[in-house]
Number of protein chains: 2
Amino acid sequence: MTQAHRSGCPINLSLEVFGDKWSLLILRDMIFGGRRHFREILNGSQEGIASNILANRLKRLVDLGMLTKRDDPTHKQKAIYSLTEPSIELVPIMAALGTWGSRWLPVTEELSIRARVLGEGGPELWDRFMAELRQEHLGIPADPAPDGKTVRQSLQDAYLAVVAGSCTV
Amino acid sequence: MTQAHRSGCPINLSLEVFGDKWSLLILRDMIFGGRRHFREILNGSQEGIASNILANRLKRLVDLGMLTKRDDPTHKQKAIYSLTEPSIELVPIMAALGTWGSRWLPVTEELSIRARVLGEGGPELWDRFMAELRQEHLGIPADPAPDGKTVRQSLQDAYLAVVAGSCTV
DNA sequence: GCCGACTGCTTGCATTTTGCCACCAGTCGG
DNA sequence: CCGACTGGTGGCAAAATGCAAGCAGTCGGC
């Protein structure tokens with residue numbers, strides 16, 4: 001079942017997991033957007049993924065152990081997708097990508113503020129964020145946030161502050 | 001000329017630059033392998049990139065400002081590809097990818113030792129490495145290495161030590 | 001001055017992947 | 001029992017990829 005890897009290099013193998021245009025965006029939306037359902041991901045993404053691609057990628061990510069899928073008890077047709085430990089540990093990579101992209105690419109202010117906050121927070125903030133994700137997706141208890149605000153909420157607040165600011169000129 | 005980005009999100013824009021199976025591997029070989037010529041990259045890669053794909057990606061990376069191309073004075077047909085500041089600053093991303101891949105994917109020992117050394121070296125080592133790359137590719141003078149050994153040489157030594165060790169059982 | 005190896009590509013063609021759009025069967029709330 | 005919503009499928013055209021061969025110019029050695 002091991003489908004012939006091109007090489008045993010960690011960077012190459014990482015690319016074989018999420019080196020396409022969509023997989024990492026799905027994981028991004030799940031990590032930062034808290035999305036867990038098919039339609040949430042489908043309609044929530046800024047980039048407009050097609051439903052067949054989304055279905056394909058979700059299946060693939062489950063097969064690769066990056067996600068798990070289970071039934072939603074509240075709705076017989078609903079599926080809940082959860083992050084696994086490997087995908088939770090993508091947070092530092094997301095942070096690095098966000099920092100690099102914000103520096104060198106034509107990002108929009110609203111969408112890059114999260115990346116900046118996360119980058120400036122450094123490893124301690126990433127750890128807190130990953131602990132929150134473990135609680136949310138794996139059921140592992142985490143210490144409550146010191147300031148009573150989750151990291152995701154802090155990122156969201158920063159985002160909303162920018163959006164509000166850009167309208168109230 | 002701005003070819004309609006899918007969104008202004010830094011992670012999405014980063015993926016638009018190197019979210020394919022080859023671009024990042026080319027940059028990896030240039031950064032860690034010191035490769036500067038077409039054939040060097042073509043034949044040196046573990047993964048076996050095709051020449052038409054390589055030509056396409058090099059052109060694309062030059063257009064995107066991730067590489068520059070100039071003539072080699074020693075051979076009228078040779079081209080020298082150089083990293084630019086944005087691509088040099090991929091080092092932390094490479095390190096994060098390498099660390100993550102080494103932890104979660106079936107890497108081979110020889111090819112992941114570099115990633116481990118780089119990951120354990122942390123930001124100070126990355127900075128030294130980036131300074132070396134700036135000297136090599138941009139002509140910006142760098143302080144000599146404190147132990148007289150370049151970071152790339154250190155990584156290479158670690159690699160060779162593993163290769164030797166796995167043979168002398 | 002001539003041959004063989006090397007330079008950075010290009011071309012052609014089969015296969016795979018993507019993107020777009022419509023559609024579906026089951027389910028839930030009102 | 002209707003209309004909105006659930007996680008997807010299927011069809012089809014367009015684009016990207018993979019593979020192999022080839023190409024014009026250049027260089028080193030003899």
Side-chain angles (χ1 to χ4, degrees), chain A residues 3-7 12 15-27 29-30 33-64 66-82, chain B residues 3-7 12 15-27 29-30 33-64 66-82:
Chain A
Q3 75 283 2
H5 297 297
R6 296 185 299 183
S7 85
N12 171 59
L15 284 176
E16 290 185 8
V17 172
F18 43 76
D20 71 277
K21 288 204 257 305
W22 292 111
S23 299
L24 207 61
L25 294 183
I26 294 170
L27 293 165
D29 286 348
M30 291 188 65
R35 309 192 204 286
R36 313 280 301 258
H37 303 291
F38 190 92
R39 293 278 168 174
E40 267 181 342
I41 303 171
L42 186 67
N43 301 325
S45 114
Q46 289 272 336
E47 291 85 11
I49 188 171
S51 63
N52 55 347
I53 308 281
L54 176 57
N56 176 286
R57 291 303 187 279
L58 285 173
K59 204 171 293 175
R60 193 164 166 273
L61 289 170
V62 169
D63 289 346
L64 289 169
M66 301 287 290
L67 298 176
T68 55
K69 178 183 178 178
R70 64 189 159 88
D71 292 340
D72 186 330
T74 73
H75 189 308
K76 284 189 183 162
Q77 269 189 330
K78 256 182 174 170
I80 301 181
Y81 290 93
S82 301
Chain B
Q3 75 283 2
H5 298 296
R6 295 186 297 183
S7 85
N12 172 60
L15 284 177
E16 289 185 9
V17 172
F18 43 75
D20 71 278
K21 287 203 257 306
W22 292 112
S23 298
L24 206 62
L25 294 183
I26 294 170
L27 293 165
D29 286 348
M30 292 188 65
R35 309 192 204 287
R36 314 280 302 257
H37 303 291
F38 191 92
R39 293 275 170 177
E40 267 181 340
I41 302 171
L42 186 67
N43 301 325
S45 114
Q46 289 271 336
E47 292 85 10
I49 188 172
S51 64
N52 54 348
I53 307 282
L54 176 57
N56 176 286
R57 291 302 188 279
L58 286 173
K59 203 171 293 172
R60 194 164 166 274
L61 289 170
V62 168
D63 289 346
L64 289 169
M66 301 288 290
L67 298 176
T68 56
K69 177 184 180 179
R70 65 191 157 86
D71 293 340
D72 186 331
T74 73
H75 188 309
K76 284 188 182 163
Q77 271 189 328
K78 257 182 174 170
I80 301 181
Y81 290 93
S82 302

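In what follows, chains are A, B, ... by sequence order, proteins preceding strands, each numbered from 1.
In this structure, B/E16 atom CD and C/dG19 atom P are separated by 11 Å, rounded to whole Å. The interatomic distance linking B/N56 (CG) with C/dT10 (P) rounds to 10 Å, in whole Å. A straight line from CD of A/E47 to C1' of C/dT18 spans 16 Å, rounded to a whole angstrom. What separates CD1 of B/I53 from P of C/dT15 is a distance of 17 Å, to the nearest Å. One atom, CG of A/N52, and another, P of D/dC12, lie 15 Å apart when rounded to the nearest Å. In this structure, CG of B/L25 is placed 13 Å from P of D/dT17, rounded to the nearest angstrom. If you measure from atom CD1 of B/I26 to atom P of C/dC9, you get 12 Å, rounded to the nearest angstrom. Separating the CG atom of B/N43 from the P atom of C/dA5 is a distance of 15 Å, rounded to the nearest angstrom.
With hydrogens and angles disregarded, a donor-acceptor distance shorter than 3.5 Å links the side chain of A/R36 to the backbone of A/Y81.
Nearest nucleotide to the A/S51 side chain, out of D/dA21, D/dG8, D/dT17: D/dG8. Nearest nucleotide to the side chain of B/R39, out of C/dT7, D/dC19, C/dC20: C/dT7. In the set D/dG7, C/dG8, D/dT9, the nucleotide with an atom closest to the side chain of A/F38 is D/dG7. The side chain of B/H37 sits closest to C/dG8 out of D/dT17, D/dG7, C/dG8. For B/W22, the listed nucleotide lying nearest its side chain is D/dG18; candidates were D/dT6, C/dC9, D/dG18.
When side chains are defined from C-beta on, B/L25 does not count as touching B/K21, because their heavy atoms never get closer than 4.5 Å. At a threshold of 4.5 Å between non-hydrogen side-chain atoms, the residues A/N12 and B/Q46 do not count as touching.
The heavy-atom pair separating B/G44 from B/R35 by the smallest distance is O-NH2, 3.5 Å. Residues A/A79 and A/H37 approach most closely at O-ND1, 3.0 Å, considering heavy atoms. For A/G48 against A/S45, the heavy-atom pair with the smallest separation is N-OG, 2.9 Å.
Look at A/R57 and you'll find a side-chain N or O under 4.0 angstrom from OP1 or OP2 of C/dT18. The side chain of A/K21 contributes no N or O atom lying less than 4.0 Å from OP1 or OP2 of D/dA15. The phosphate of D/dT6 has neither OP1 nor OP2 within less than 4.0 Å of any side-chain N or O from A/Y81.
If you check C/dG30 for Watson-Crick or wobble pairing at under 3.5 angstrom, you find it paired to D/dC1.
A heavy atom closer than 4.0 Å to some atom of DNA chain C occurs in A/H75, A/K76, A/Q77, these being the qualifying members of residues 68-78 of chain A.
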Output a table of donor-acceptor pairs, distance under 3.5 Å, between side-chain atoms of residues 52-59 of chain A and any protein atom two or more places apart or on a different chain; print 'none' if there are none.
{"from": "A/R57", "atom 1": "NE", "to": "A/D20", "atom 2": "OD2", "distance (Å)": "3.0"}

